[in-house]
Amino acid sequence: LMTEQSKENAANIDIPDVPKSVCESLVKVLKDGVDVQRCAAAKALGSLQHFDGVVPLIAALFDEDPDVRADVAEALSRIKDKRALRQLLDNFIGDPDTDVKRYALRALVNMKYAPVVEWLEKLLREEEDGIQWDEVDFFDREWDDREDFRLIAIEGLGELKGVDAVPDIVAVLNDEF
């Protein structure tokens with residue numbers, strides 16, 4: 001069953017009509033394949049933007065492999081189904097993998113999920129309270145990782161808050177790194 005949001009999203013997307021059997025086959029691979037196959041299935045479901053794949057993709061945000069979880073977050077970002085928002089936020093906050101966090105955060109911004117603004121503001125100020133990081137990764141995080149999240153925060157705040165975000169962004173950018 002498509003939600004009203006899914007129907008609205010579908011009306012705005014120009015994609016070929018994909019047989020349900022194709023989606024079902026990809027979902028089976030997403031559930032039962034080896035890690036590389038699960039990644040490919042997630043990417044394919046995202047490319048096809050088939051709404052029957054949303055619930056299995058949300059379930060795959062719990063996959064044991066962080067590469068699969070990252071590809072799933074990216075796929076859900078392409079589909080833009082609101083049913084994924086809460087779990088994407090949970091993955092951003094609680095998943096210890098940096099790439100999963102990055103793709104989940106980008107998905108939330110892409111889907112214009114207002115509650116993510118609070119987290120973007122924290123990232124902008126480099127306040128990481130409430131965000132779970134892998135303990136080793138947290139202490140060894142490269143400058144590029146920190147700045148990547150900060151750039152996502154700047155872009156996201158610009159998209160979600162518009163001109164209201166400018167003073168905070170300018171203040172942070174004027175601080176020494």
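Remark: side-chain polar atoms of Asn174 are paired, donor with acceptor, to backbone N or O of Val170 under 3.5 angstrom. Of the possible polar contacts, one joining the Lys82 side chain to the Met111 backbone as a donor-acceptor pair under 3.5 Å is found. Counting only distance, with no hydrogens or angles, the side chain of Lys101 and the backbone of Asp95 share a donor-acceptor pair below 3.5 Å.
Note: the hydrophobic cluster containing Val72 also contains Ile93 (ILVMFWY, side chain heavy atoms under 4.5 Å, direct or indirect links). Cluster membership for Val100 and Val116, using ILVMFWY side-chain heavy atoms within less than 4.5 angstrom, is not shared. Connection of Val117 to Val166 is not established within any shared hydrophobic cluster, with ILVMFWY side chains joined at heavy-atom distances below 4.5 Å, either directly or through further cluster members.
Atom CZ of Arg102 is separated from atom CG of Asp148 by 4.5 Å, given to the nearest 0.5 angstrom. Interatomic distance, CD of Gln132 versus CG of Asn91, reported as 10.5 Å (0.5 Å rounding). Taken to the nearest 0.5 Å, the CG atom of Asp168 stands 6.0 Å off from the CD atom of Glu121. Atoms CG and CZ, on Asp90 and Arg86 in that order, are 4.0 Å from each other to the nearest 0.5 Å. How far CD1 of Ile79 is from CG of Leu45: 6.5 Å, rounded to the nearest 0.5 Å. The line from CG of Leu120 to CG of Leu105 is 5.5 Å long, rounded to the nearest 0.5 Å.
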Under 3.5 Å, side-chain donor or acceptor atoms of residues 53-66 against the rest of the protein: list the pairs with distances, not counting sequence neighbours.
{"unit_1": "Asp63", "atom_1": "OD1", "unit_2": "Arg38", "atom_2": "NH2", "d": "2.9"}
{"unit_1": "Asp63", "atom_1": "OD1", "unit_2": "Asp65", "atom_2": "N", "d": "2.7"}
{"unit_1": "Asp63", "atom_1": "OD2", "unit_2": "Arg38", "atom_2": "NE", "d": "2.7"}
{"unit_1": "Asp65", "atom_1": "OD1", "unit_2": "Asp67", "atom_2": "N", "d": "2.6"}
{"unit_1": "Asp65", "atom_1": "OD1", "unit_2": "Val68", "atom_2": "N", "d": "3.2"}

Under 3.5 Å, which donor-acceptor pairs do the side chains of residues 22-29 form with other protein atoms, sequence neighbours left out?
{"unit_1": "Ser25", "atom_1": "OG", "unit_2": "Ser21", "atom_2": "O", "d": "3.0"}
{"unit_1": "Lys28", "atom_1": "NZ", "unit_2": "Asp32", "atom_2": "OD2", "d": "3.2"}

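With no hydrogens or angles considered, a side-chain donor-acceptor pair links Arg78 and Ser47 at under 3.5 Å.
Ala104 approaches Ala73 most closely through the heavy-atom pair N-CB, 3.8 Å. The two atoms that bring Ala165 and Gly158 nearest to each other are CB-N, 4.3 Å, heavy atoms only.
By the neighbour-count criterion of 12 heavy atoms within 6.0 Å, atom OH of Tyr103 is sparsely surrounded, having that number or fewer from other residues, nucleotides or ligands. Heavy-atom contacts from other residues, nucleotides or ligands closer than 6.0 Å to NZ of Lys122 number more than 12.
Put simply, the side chain of Phe92 reaches to within 4.5 Å of the side chain of Leu123, judged on heavy atoms. Leu85 has its side chain within reach of Leu108: a pair of non-hydrogen atoms, C-beta onward, lies under 4.5 Å apart. With contacts defined as side-chain heavy-atom distances shorter than 4.5 Å, the pair Val109/Glu155 does not qualify.
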query = Would Asp97 and Arg69 count as a salt bridge (Lys or Arg N to Asp or Glu O under 4.0 Å) if you check the C-alpha gap in whole Å, the side-chain angles of each, and the deciding distance to 0.1 Å?
reply = CA-CA 9 Å; Asp97 186 82; Arg69 295 192 308 271; 5.3 Å; no

request  = Output, in order, the C-alpha distance, side-chain angles, deciding distance and verdict of side chain to side chain contact (heavy atoms under 4.5 Å, CB included) for Asp81 and Leu76.
outcome  = CA-CA 7 Å; Asp81 190 299; Leu76 288 166; 5.9 Å; no

message = Apply side chain to side chain contact (heavy atoms under 4.5 Å, CB included) to residues Leu88 and Tyr113 and explain how you reach the verdict.
response = CA-CA 10 Å; Leu88 284 165; Tyr113 188 48; over 6 Å; no

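Electrostatic pairing of Lys112 and Glu159 counts as a salt bridge here, judged by a charged N lying under 4.0 Å from a carboxylate O.
Membership of an apolar cluster is not assigned to Val163, as no side-chain contact below 4.5 Å to another ILVMFWY residue is traced.
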